[in-house]
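Along the sequence shown, the residues carry numbers beginning at 1. Values below: all heavy atoms of this structure, side chains included; hydrogens, waters and symmetry mates excluded.
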Amino acid sequence: MMEISSSIINDRATGEVCQVSKLYKGAELETPKAATVLVIGGGGRCHAIVDALSKSASVGKIYCAPGNAGISRQADCVPIKETQVEQLRDFALQYGVDLTVVGPEVALAAGISDVFAEAGLRIFGPSRAAATIESSKDFAKRLMAKYGIPTAAYRTFDDYGEALEYVKNGSFPVVLKYDGLAAGKGVVIPENMEDAETALKDMLLDDKFGKGKVVIEEFLTGPEFSFMCFVDGERVWPMALSQDHKRAYEGDKGPNTGGMGAYSPLPFITEDDREFAMEHIMKPTASAMLAEGCPFKGVLYGGLIKTPSGIKVIEFNCRFGDPETEVVLPLLETDIYGIFSAVADSSEMPEIRWSPEASMGFVMASKGYPGTYAKGFEIGGLEEAGNDPSISIYHMGTSSEDGKFFTSGGRVLMVVGRGDSLKTAHDKALEAVEKIHCDNLFYRKDIGWRVML
């Protein structure tokens with residue numbers, strides 16, 4: 001087993017694991033031991049998970065690997081990468097971790113849930129086989145075709161010439177998807193043949209994202225939205241719906257990013273829409289995974305679109321979305337540790353309650369993102385911006401030194417506001433954003449603009 005020195009852990013967690021003994025009518029009773037939880041990951045999504053866990057009465061100690069500067073205020077950060085699954089297992093065994101929660105897809109695709117389960121460790125996150133629903137676009141499309149789950153028409157190719165010929169005989173725009181994981185950058189929607197040739201060359205000849213296949217899909221029109229569900233085999237529990245903004249600049253212009261902001265709820269999705277998505281997409285997909293011998297346990301993320309002919313699937317992810325998690329989890333009123341435990345143990349799920357409030361978040365990103373950007377710029381005003389209890393500030397890419405925060409990634413912060421309406425949430429979040437000072441950050445002011453016109 002790997003020995004890990006306690007000196008590498010940044011001990012800033014809120015609360016320690018402890019047992020308290022009490023005398024009651026002559027008998028000594030022990031209160032339940034507060035759980036030790038390990039969160040895998042280091043971005044804004046994981047900060048939101050850590051934040052939710054820190055509010056649980058059942059949780060004492062929180063570790064996060066590798067974490068970030070903001071997370072270190074609520075958890076002990078451990079310098080182990082998400083894909084170093086054996087080292088993470090050894091850490092969990094050595095430090096008595098009661099439950100591990102996995103954030104990023106790379107850890108799941110690396111088989112962390114399988115490795116932990118073999119060691120007798122409780123973990124929230126799907127197996128490597130179940131994570132294939134995200135790590136292989138072709139697998140997901142074949143699954144949907146086999147089980148009648150509505151999605152775009154498609155063909156899969158591993159030959160550049162055949163793929164190019166198929167695109168030439170079709171129409172534009174068209175959707176090209178690299179089959180494997182590509183950190184959110186493996187989807188291209190060319191408007192012309194020249195752009196299509198370049199994208200196919202990147203994916204099939206130059207192996208820009210690795211050796212793999214390409215899924216070519218018809219282009220669907222309509223508003224997109226994210227439907228995340230807690231899943232344990234055939235048991236499915238919905239989360240609040242959300243929508244993110246992928247384009248870098250206002251008016252939904254510029255290059256695609258990992259997400260420049262998000263909000264919840266969604267006025268354009270009716271209760272009938274939500275019911276259809278639940279009964280014809282999310283539940284059938286969970287059942288299909290079970291039937292295929294790879295039961296899903298964790299968060300199943302449906303990237304959906306409301307087309308003129310009905311709701312269809314754009315993609316599936318095997319984990320919490322980012323930045324959607326940052327606006328959804330602040331609305332959760334149920335103790336999240338109980339939810340994670342119910343899925344991990346296949347035990348009874350507590351009643352899941354959601355706040356009726358609206359939530360909206362703005363991403364503050366390094367200038368140049370999603371392209372080349374500089375790092376190391378000091379960030380000021382965070383304390384003032386976060387004074388309002390209706391504001392949450394999640395760190396996505398920050399570092400710290402001598403009590404000061406600095407930029408260390410493309411997406412740096414996400415500032416989330418809550419209120420009785422989307423307009424109130426928007427105004428609160430934007431007011432907080434404007435209190436944060438940094439010479440190298442930009443953000444969109446128009447998050448949620450389509451629903452607030």
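- The CZ atom of Arg235 sits 6.0 Å away from the OG atom of Ser346 when rounded to the nearest 0.5 Å.
- Between Pro66 and Gly42, the shortest heavy-atom distance links the atoms CD-N, 4.3 Å.
- When atom types are taken as modelled, the side chain of Ser366 and the backbone of Tyr369 share no donor-acceptor pair closer than 3.5 angstrom.
- Side-chain N or O atoms of Ser113 include one that pairs as donor or acceptor with a backbone N or O of Gly125 at under 3.5 Å.
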Apply the test side chain to side chain contact (heavy atoms under 4.5 Å, CB included) to residues Trp354 and Leu332: give CA-CA distance (whole Å), side-chain angles for both, the deciding distance (0.1 Å), then the verdict.
CA-CA 5 Å; Trp354 298 93; Leu332 180 64; 3.7 Å; yes
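- For the pair Arg247 (side chain) and Pro255 (backbone), a donor-acceptor distance under 3.5 Å is absent.
- Here the side chain of Asp179 pairs a donor or acceptor atom with the backbone of Lys137 at under 3.5 angstrom.
- Rounded to the nearest 0.5 Å, atoms CD1 (Ile149) and NZ (Lys283) are 14.0 Å apart.
- Counting only heavy atoms from C-beta outward, the side chains of Leu382 and Ile436 approach each other to under 4.5 Å.
- Looking at Arg274 and Glu271, a side-chain N of the basic residue comes within less than 4.0 Å of a carboxylate O on the acidic one, giving a salt bridge.
- The CD1 atom of Ile447 lies 9.5 Å from the CD atom of Gln243; values are rounded to the nearest 0.5 Å.
- Thr221 places a side-chain heavy atom less than 4.5 Å from the side chain of Pro308.
- Using a 4.0 Å cut-off between a side-chain N of Lys or Arg and a carboxylate O of Asp or Glu, Glu315 and Lys177 do not qualify as a salt bridge.
- Two residues are said to be in side-chain contact when any heavy atoms from C-beta on lie closer than 4.5 Å; Phe124 and Ile339 fail this criterion.
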One pair to check against side-chain hydrogen bond (donor to acceptor under 3.5 Å, both in side chains): Arg122 and Ser341. What are the steps and the verdict?
CA-CA 8 Å; Arg122 298 166 70 232; Ser341 293; 3.2 Å; yes
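- The minimum heavy-atom distance between Pro126 and Ala131, with the atom names listed, is CB-N, 4.4 Å.
- In this structure, Leu176 and Pro190 approach most closely via the heavy-atom pair CD1-CG, 3.9 Å.
- Using modelled atom types, one side-chain atom of Ser359 and one backbone atom of Val327 make a donor-acceptor pair closer than 3.5 Å.
- Asp388 has its side chain out of reach of Glu431: every pair of non-hydrogen atoms, C-beta onward, lies at least 4.5 Å apart.
- Of all non-hydrogen atoms in Thr270 and Lys306, the two that sit nearest each other are CG2-NZ, 4.5 Å.
- Panel note: side chain Ser400, backbone Gly403; no donor-acceptor pair is recorded below 3.5 Å.
- For the pair His280 (side chain) and Met278 (backbone), a donor-acceptor distance under 3.5 Å is absent.
- Nearest heavy atom pair, residue Asp439 against residue Lys367, reads O-NZ, 3.3 Å.
- By the 4.5 Å heavy-atom criterion applied to side chains, Gln74 and His47 are counted as neighbours.
- Checked by atom type, the side-chain pair Ser127/Asp114 shows no donor-acceptor distance below 3.5 Å.
- Atom NZ of Lys81 has 12 or fewer heavy atoms from other residues, nucleotides or ligands within 6.0 Å.
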Under the criterion side chain to side chain contact (heavy atoms under 4.5 Å, CB included), I'd like the reasoning laid out for Lys141 against Val313: C-alpha separation, chi angles, the key distance, then a yes or no.
CA-CA 9 Å; Lys141 296 296 285 191; Val313 178; over 6 Å; no
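- Once rounded to the nearest 0.5 Å, the distance linking CD1 of Ile62 with CD1 of Ile71 reads 10.5 Å.
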With side-chain hydrogen bond (donor to acceptor under 3.5 Å, both in side chains) as the criterion, how do Ser226 and Tyr301 come out once you've worked through the C-alpha distance, each side chain's angles and the decisive distance to 0.1 Å?
CA-CA 7 Å; Ser226 303; Tyr301 169 116; 2.9 Å; yes
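- Residues Glu434 and Tyr443 form a side-chain contact, since some pair of their non-hydrogen atoms from C-beta on lies under 4.5 Å apart.
- Going from atom NE2 of His395 over to atom CG of Leu413 covers 5.5 Å, rounded to the nearest 0.5 Å.
- Test Asn317, Ile281, Thr285 against Leu300 for side-chain contact (heavy atoms from CB on, under 4.5 Å) and you get one pass: Thr285.
- Ion pairing of Asp51 with Arg73 is absent here, as no side-chain N (NZ or NE/NH1/NH2) approaches a carboxylate O to less than 4.0 Å.
- Side chain of Glu105 to main chain of Cys318: no donor-acceptor pair is present (N/O by atom type, distance under 3.5 Å, no hydrogens or angles).
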Does Ser392 form a side-chain hydrogen bond (donor to acceptor under 3.5 Å, both in side chains) with Arg418? I'd like the steps, not just the answer.
CA-CA 9 Å; Ser392 299; Arg418 297 179 302 283; 3.1 Å; yes
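- Partner of His426 under the ring-ring contact (aromatic ring centres under 6.0 Å, His included) criterion, out of Trp449, Phe362, Tyr263: Phe362 alone.
- Across Val106, Val85, Ile112, Val78, a single residue satisfies side-chain contact (heavy atoms from CB on, under 4.5 Å) together with Ile40, and that is Ile112.
- Note: Phe320 CZ to Glu326 CD = 10.5 Å, rounded to the nearest 0.5 Å.
- Formation of a donor-acceptor pair under 3.5 Å by the Arg319 side chain with backbone atoms of Pro104 is not found in this model.
- Between Leu108 and Glu134 there is no side-chain heavy-atom pair separated by less than 4.5 Å.
- Within the 4.5 Å cutoff, the side chain of Leu53 has heavy atoms near those of the Phe340 side chain.
- For the pair Arg411 (side chain) and Val363 (backbone), a donor-acceptor distance under 3.5 Å is absent.
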Verify side chain to side chain contact (heavy atoms under 4.5 Å, CB included) between Arg142 and Glu292, making sure each step is shown before the conclusion.
CA-CA 11 Å; Arg142 287 188 286 110; Glu292 290 297 307; over 6 Å; no
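- The aromatic rings of Phe268 and Phe225 sit perpendicular to each other, their planes meeting at more than 60°, with 30° as the lower class boundary.
- Contact detail for Leu88 and Leu38: the closest heavy-atom pair is O-CD2, 4.4 Å.
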Please test Phe230 against Asp232 for side chain to side chain contact (heavy atoms under 4.5 Å, CB included), starting from the C-alpha separation and ending with a verdict.
CA-CA 7 Å; Phe230 298 109; Asp232 174 26; over 6 Å; no
